[in-house]
2 protein chains.
Amino acid sequence: MATANVRDVAALAGVSVGTVSNVLNQSKPVAPETAKRVQAAIDKLGFVRNDAARQLRVGQSRTVGIMVLDVSNPFFTDIARGVEDTLTDFNRSLILGNTGESAARELTYLDLFEEQRVAGLLITPVGDVLARLERLRERGSPVVLVDRHENARSFSSVSVDDYRGGQIAAEHLLDTGRTSLAFVGGTRAIVQVAQRAGGAQDAARERDARPVRVLELDSMRAEAGRLGVEQLLALPKAQRPDAVFAANDLIALGALQALTHAGVRVPDDIALIGYDDISFAANAAIPISSIRQPAWEMGRTATELLMAEIEKPGTTDYRHVVFQPELIVRESTAGP
Amino acid sequence: MATANVRDVAALAGVSVGTVSNVLNQSKPVAPETAKRVQAAIDKLGFVRNDAARQLRVGQSRTVGIMVLDVSNPFFTDIARGVEDTLTDFNRSLILGNTGESAARELTYLDLFEEQRVAGLLITPVGDVLARLERLRERGSPVVLVDRHENARSFSSVSVDDYRGGQIAAEHLLDTGRTSLAFVGGTRAIVQVAQRAGGAQDAARERDARPVRVLELDSMRAEAGRLGVEQLLALPKAQRPDAVFAANDLIALGALQALTHAGVRVPDDIALIGYDDISFAANAAIPISSIRQPAWEMGRTATELLMAEIEKPGTTDYRHVVFQPELIVRESTAGP
DNA sequence: GTTCGTCGTTATAACGTTTCACCAGCCTGT
DNA sequence: ACAGGCTGGTGAAACGTTATAACGACGAAC
């Protein structure tokens with residue numbers, strides 16, 4: 001049973017295909033009486049528009065692509081949810097690609113998105129793909145960068161002030177009476193990590209506190225937190241910090257585990273703060289303080305920037321929205 | 001700058017469009033010499049196939065749809081990763097929809113997928129959509145059910161033996177010396193929950209242990225765990241259980257938090273076991289024992305079943321793969 | 001020396017929409 | 001009465017691909 005097409009609908013309703021299309025897209029006014037007839041025919045035949053044909057004609061898809069670094073990190077899925085929610089407001093849909101931090105996968109997805117002529121693309125680039133993104137834009141798919149703005153003034157972007165986030169975290173720890181801070185995070189090669197660490201270090205310096213000890217690890221996942229804490233606990237007592245600032249919440253969770261395992265009390269012996277404010281931080285055995293990044297709102301704003309470019313192509317007025325991080329205080333940083 | 005199409009490529013390479021298509025799809029042999037010329041033209045023009053046109057002609061898309069219940073639950077994203085990984089082996093791509101347990105969203109996505117003529121669909125249905133799925137299949141998009149097999153013998157499916165999972169959990173708790181079990185979970189209306197609870201109850205009965213106290217809550221998230229534990233701790237001491245079996249790991253995490261907050265030691269005073277074995281269970285302050293569901297493998301198998309139907313349409317030989325759950329022992333259920 | 005196959009290639013017909021230029025009425029104001 | 005403007009509708013062209021029937025050239029087989 002070949003599925004019904006507009007022609008069948010038109011025939012049954014006794015109108016032309018053009019009219020059916022007008023009913024479908026409300027592109028031109030159509031008499032309520034005929035509209036009703038057409039609708040009846042559609043229902044009767046179970047007609048469903050063939051999107052490929054539509055797309056071919058129109059030259060562009062109604063779906064937007066998003067490429068995230070790691071779907072198993074709730075921070076990114078929260079962003080994606082913001083995007084998805086916003087997109088449904090615009091009556092468009094989302095196709096999600098997970099790069100898993102792999103430049104190869106990223107290229108594969110770019111190929112796919114280009115073949116699909118996606119209406120637009122949201123991306124946190126991992127490889128060196130700026131040229132590729134320019135091409136995509138030239139061909140009618142605008143691009144907005146998420147959480148990466150360095151050297152990319154030629155694209156709109158949303159990001160968070162990571163330096164400020166680092167400051168806030170360190171200030172909070174110092175405010176609550178801690179004196180010796182450690183930063184546990186992934187490699188400084190990641191801009192975000194470097195910024196957060198830098199903010200914390202400067203804050204400590206400004207308060208004439210002891211310098212922040214920075215532990216660089218090569219992962220942004222829980223094991224990094226475990227490893228980091230083990231290193232800290234191996235230090236001579238005098239050098240042991242009384243507060244740990246984790247580069248993200250996954251690391252903080254790992255840190256909490258290692259501390260608990262070692263019998264170190266949180267927050268009594270050591271305070272702990274994370275970054276991102278994922279739900280698992282709030283739901284940890286000891287609720288973990290965190291620097292909240294407005295993930296959902298970032299997704300929404302990125303989508304709005306993108307839609308603006310989609311609906312008014314050719315603009316070169318690229319906007320860069322920088323969100324401010326927010327301190328969320330929980331039990332893990334209660335005063336000593 | 002209109003993007004190049006096959007005609008442009010053909011012109012530049014001095015061949016016909018048919019030949020270009022053959023080069024693109026290797027559908028017919030083409031002389032290596034000409035193939036090289038065509039490839040050169042493609043590269044020079046930066047030609048990228050328009051997938052909409054291809055799809056229109058061929059009648060079917062190269063992408064597969066998946067609808068998951070809750071992207072913020074790692075169990076489902078793990079399944080999705082299994083699907084994605086497998087699909088790239090088949091050189092196809094994935095479009096992911098998040099229903100968030102909402103029947104309305106589910107319908108929206110079904111419309112979308114139908115318009116897109118997706119090659120196939122993986123779904124954990126939330127609403128009553130079996131008829132809709134039949135129609136999708138009739139129109140050329142096979143459907144495989146994930147983690148839902150009840151009353152749906154007319155679709156292939158993958159699922160896990162939840163009853164057995166419940167048994168295993170309860171037996172493990174009893175084996176390690178616990179005598180009074182409580183089950184904390186979402187509503188029994190969810191088949192999985194009812195099965196897991198049933199398995200646990202039967203296991204206790206078989207061992208002549210005290211009957212399992214079942215706490216039904218209306219959520220499958222962390223707050224349910226907190227609430228459940230609060231209810232348990234409010235009981236007179238004699239009735240207080242010495243082991244908690246949570247319907248999933250999110251609930252277990254909430255439970256661990258409530259227990260910690262109340263100063264109840266895990267596992268010394270109360271043992272705790274979850275379900276799904278998400279990474280956050282392993283990374284909790286007290287590593288939480290869990291019943292592992294092979295999420296990635298489920299995704300892979302579901303995809304393979306789907307691909308089989310896609311590549312050989314018209315078969316009515318529906319298969320039902322049932323995975324066995326596996327006990328993962330961690331600190332939270334060490335003997336008292 | 002004709003016939004038959006095979007290989008590589010070509011031209012052309014779909015696929016199902018949307019858009020666009022046109023048209024038939026019909027009302028309205030002068 | 002007639003130009004002009006709405007309103008609701010028509011029909012055909014175009015979007016870029018793949019599939020298919022047909023074809024020329026060249027050997028092999030008889």
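Numbers restart at 1 for each chain; the letters A, B, ... are given by sequence-line order, proteins then strands.
Mapped onto DNA chain C by nearest heavy atom, B/Ala31 and B/Ala53 fall at different nucleotides, with B/Ala31 at the one closer to the 5' end. Map B/Leu56 and B/Val30 each onto its nearest nucleotide of DNA chain C; the residue landing nearer the 5' end is B/Val30.
Using a 4.0 Å heavy-atom criterion, one finds that A/Ser27 contacts no nucleic acid atom at all. Across all strands shown, B/Asp51 has no heavy atoms under 4.0 Å from either base or sugar-phosphate atoms. Within the 4.0 angstrom heavy-atom criterion, only backbone atoms of the sugar-phosphate kind lie near B/Arg49; the bases stay farther away. Contacts of A/Val15 with the nucleic acid, taken as non-hydrogen atoms under 4.0 Å apart, involve only primed sugar atoms and P, OP1 or OP2.
Under 3.5 Å, the side chains of A/Ser159 and A/Asp147 contain no donor-acceptor pair of N or O atoms.
We find that CG of A/Asn50 is positioned 13 Å from C1' of C/dT18, with the value rounded to whole Å. Rounding to whole angstrom units, CZ of residue B/Arg62 and C1' of D/dT18 are separated by 13 Å. For B/Gln55 and D/dT17, the CD to P distance is 13 Å, given to the nearest whole Å. At whole-Å resolution of the value, CD in A/Gln60 and P in C/dT18 are 15 Å apart. Atom pair A/Arg7:CZ and D/dT10:P shows a separation of 15 Å (rounding to whole Å applied). One interatomic measurement links the two molecules: CZ of B/Arg54 to P of C/dG16, which rounds to 17 Å at whole-angstrom precision. Rounded to whole angstrom, the span from the CZ atom of B/Arg37 across to the P atom of C/dG8 amounts to 14 Å. Note: CG (A/Asn25) to C1' (C/dT19) measures 10 Å, nearest angstrom.
At a threshold of 4.5 Å between non-hydrogen side-chain atoms, the residues B/Phe113 and B/Met67 count as touching.
When the salt bridge (charged side-chain N to carboxylate O under 4.0 Å, His left out) test is applied to B/Glu134, the partners found at least two apart in sequence or on another chain are B/Arg137. The salt bridge (charged side-chain N to carboxylate O under 4.0 Å, His left out) test applied to B/Arg135 returns B/Glu114, not counting sequence neighbours.
Closest heavy-atom contact between A/Leu306 and A/Pro142: CD1-O, 3.4 Å. Residues B/Ala119 and B/Arg92 come closest through the heavy atom pair CB-NH1, 3.4 Å. The nearest pair of heavy atoms linking B/Ala103 to B/Gly127 is CB-CA, 4.2 Å. Nearest heavy-atom pair across A/Ile66 and A/Ala80 is CD1-CA, 4.4 Å. In this structure, B/Glu309 and B/Thr315 approach most closely via the heavy-atom pair CG-OG1, 4.4 Å. Of all heavy-atom pairs between A/Thr301 and A/Phe323, the closest is OG1-CZ, 3.3 Å.
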task: Evaluate the salt bridge (Lys or Arg N to Asp or Glu O under 4.0 Å) criterion for residues A/Asp89 and A/Arg300: first the C-alpha distance (whole Å), next the side-chain angles of each, then the deciding distance (0.1 Å), finally the verdict.
output: CA-CA 10 Å; A/Asp89 293 350; A/Arg300 159 162 288 266; 3.0 Å; yes
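A sub-4.0 Å separation between OP1 or OP2 of C/dT19 and a side-chain N or O of A/Ser21 is absent. For A/Thr19 and D/dG8, the shortest distance from a side-chain N or O to OP1 or OP2 is not below 4.0 Å.
Ion pairing between a basic and an acidic side chain is recognised when a charged N comes within 4.0 Å of a carboxylate O; A/Asp85 and B/Arg105 show such pairing. Salt-bridge formation is not detected for the pair A/Arg49/B/Asp111: no Lys NZ or Arg NE/NH1/NH2 atom is positioned less than 4.0 Å from an Asp or Glu carboxylate oxygen.
If one axis is set at each end of the helix from C/dG1-D/dC30 to C/dT30-D/dA1 from five pairs, those axes are 50° apart, to 10°.
Distance check, rounded to the nearest 0.5 Å: CZ of B/Arg62 to CG of B/Asn91 gives 5.0 Å. Considering OG1 of B/Thr77 and CG of B/Asp70, their distance stands at 9.0 Å, rounded to 0.5 Å.
Near DNA chain D, defined here as any heavy-atom distance below 4.0 Å, there are no residues from residues 110-121 of chain A.
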Polar-atom pairs under 3.5 Å, protein N or O versus N or O of nucleotides 24-26 of chain C: list them with distances, or write none.
none

Can you tabulate the close N/O pairs, meaning under 3.5 Å, that link protein atoms to atoms of nucleotides 20-26 of chain D?
{"residue": "D/dA21", "atom": "N6", "partner": "B/Lys28", "partner atom": "NZ", "Å": "3.3"}

